[in-house]
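Structure first, then comments.
Keep in mind that the numbers below use all heavy atoms, side chains included, and drop hydrogens, waters and symmetry copies. Note that this is a predicted model, so its numbers are computed, not measured.
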Amino acid sequence: MSSTLAFAHAVRTLSESSRLQGLDVPMFRSPPRSPTAVRTVRRTRRGVTIAVVVADRPWTNVLADLIDGIVLVNHLEGREAIRCRTALWSALERDEVLAA
């Protein structure tokens, strides 16, 4: 599977899992606008966009950045953040997104 398709599949899985948890779902894109950034968070009137570099990075790092973006956008801390991360990683595992 190409990195573009794997990214799209991961985003769909994470978005669905976030909605099921009652969380706000940010928009996702790749790569970030800044050529020196590995990941960015951009807030506009239309919402929040999480952008990550996919090329030449370990796939688990890309997934972790997406998950951390969801946690950040929803202002989760402590146990809530741990529960959210666990649910999101489980969703990725269930949908076989962990291997790209």
Side-chain angles (χ1 to χ4, degrees):
M1 179 182 307
S2 75
S3 61
T4 302
L5 289 177
F7 182 79
H9 187 113
V11 165
R12 278 193 302 277
T13 297
L14 292 172
S15 296
E16 180 182 326
S17 180
S18 297
R19 279 189 211 88
L20 289 172
Q21 294 181 66
L23 300 173
D24 291 333
V25 179
M27 294 173 274
F28 296 97
R29 64 171 286 156
S30 178
R33 290 182 182 190
S34 170
T36 60
V38 174
R39 62 183 174 187
T40 61
V41 177
R42 184 172 188 173
R43 297 177 191 275
T44 66
R45 282 181 275 164
R46 295 187 307 191
V48 181
T49 301
I50 306 298
V52 299
V53 172
V54 174
D56 301 321
R57 292 185 67 211
W59 182 238
T60 53
N61 290 15
V62 173
L63 297 175
D65 284 347
L66 297 175
I67 289 171
D68 286 344
I70 293 168
V71 170
L72 177 76
V73 165
N74 286 280
H75 310 286
L76 301 177
E77 296 179 351
R79 289 187 177 164
E80 287 180 324
I82 292 169
R83 270 189 240 112
C84 175
R85 283 187 179 96
T86 300
L88 294 173
W89 280 113
S90 294
L92 292 172
E93 185 175 34
R94 208 174 30 255
D95 283 0
E96 299 179 2
V97 181
L98 292 179

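When side chains are defined from C-beta on, Pro32 counts as touching Val53, because their heavy atoms get closer than 4.5 Å. Taking 4.5 Å as the limit, every side-chain heavy atom of Cys84 sits out of range of all side-chain heavy atoms of Glu80.
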Verdict with supporting geometry, Phe28 and Thr49, side-chain contact (heavy atoms from CB on, under 4.5 Å): CA-CA 5 Å; Phe28 296 97; Thr49 301; over 6 Å; no
Between Phe7 and Val52, does a side-chain contact (heavy atoms from CB on, under 4.5 Å) hold up when you go through it step by step? CA-CA 10 Å; Phe7 182 79; Val52 299; 3.7 Å; yes
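When atom types are taken as modelled, the side chain of Ser90 and the backbone of Thr86 share a donor-acceptor pair closer than 3.5 angstrom. Without hydrogens or angle criteria, Asp24 side chain to Asn74 main chain gives no donor-acceptor distance under 3.5 Å.
A continuous path of Ile, Leu, Val, Met, Phe, Trp and Tyr side chains, each step under 4.5 Å between heavy atoms, connects Val11 with Leu72, placing both in one hydrophobic cluster. Cluster annotation: Trp59 is connected to Ile50 through the hydrophobic network of ILVMFWY side chains, with a link wherever side-chain heavy atoms come within less than 4.5 Å. When hydrophobic clusters are built by joining Ile, Leu, Val, Met, Phe, Trp and Tyr residues whose side-chain heavy atoms come closer than 4.5 Å, directly or via intermediates, Val71 is grouped together with Val41. Met27 is not connected to Ile67 by any chain of hydrophobic side-chain contacts under 4.5 Å among Ile, Leu, Val, Met, Phe, Trp and Tyr, and they are in different clusters.
Every pair passing salt bridge (Lys or Arg N to Asp or Glu O under 4.0 Å) that includes a residue from residues 44-57 is listed here, sequence neighbours excluded: Arg57-Asp65.
Distance check, rounded to the nearest 0.5 Å: CZ of Arg39 to CG of Leu66 gives 10.5 Å. How far CZ of Arg85 is from CG of Leu76: 8.5 Å, rounded to the nearest 0.5 Å. With values rounded to the nearest 0.5 angstrom, Glu93 atom CD is found 12.5 Å from Thr13 atom OG1. Between the CG atom of Leu23 and the CG atom of Leu14 there is a distance of 11.0 Å, given to the nearest 0.5 Å.
No side-chain N or O of Ser2 forms a donor-acceptor pair with one of Thr4 less than 3.5 Å apart.
Taking all atoms of both residues into account, the shortest heavy-atom contact from Ser17 to Ala87 is OG-O, 3.8 Å. Across Leu63 and Val97, no two heavy atoms sit closer than the pair CD1-O, 4.0 Å. Residues Asp95 and His9 approach most closely at O-NE2, 3.4 Å, considering heavy atoms. Between Val54 and Ser3, the closest heavy-atom pair is CG1-CB, 3.8 Å.
Surrounding CZ of Arg42 are at most 12 heavy atoms belonging to other residues, nucleotides or ligands under 6.0 Å away.
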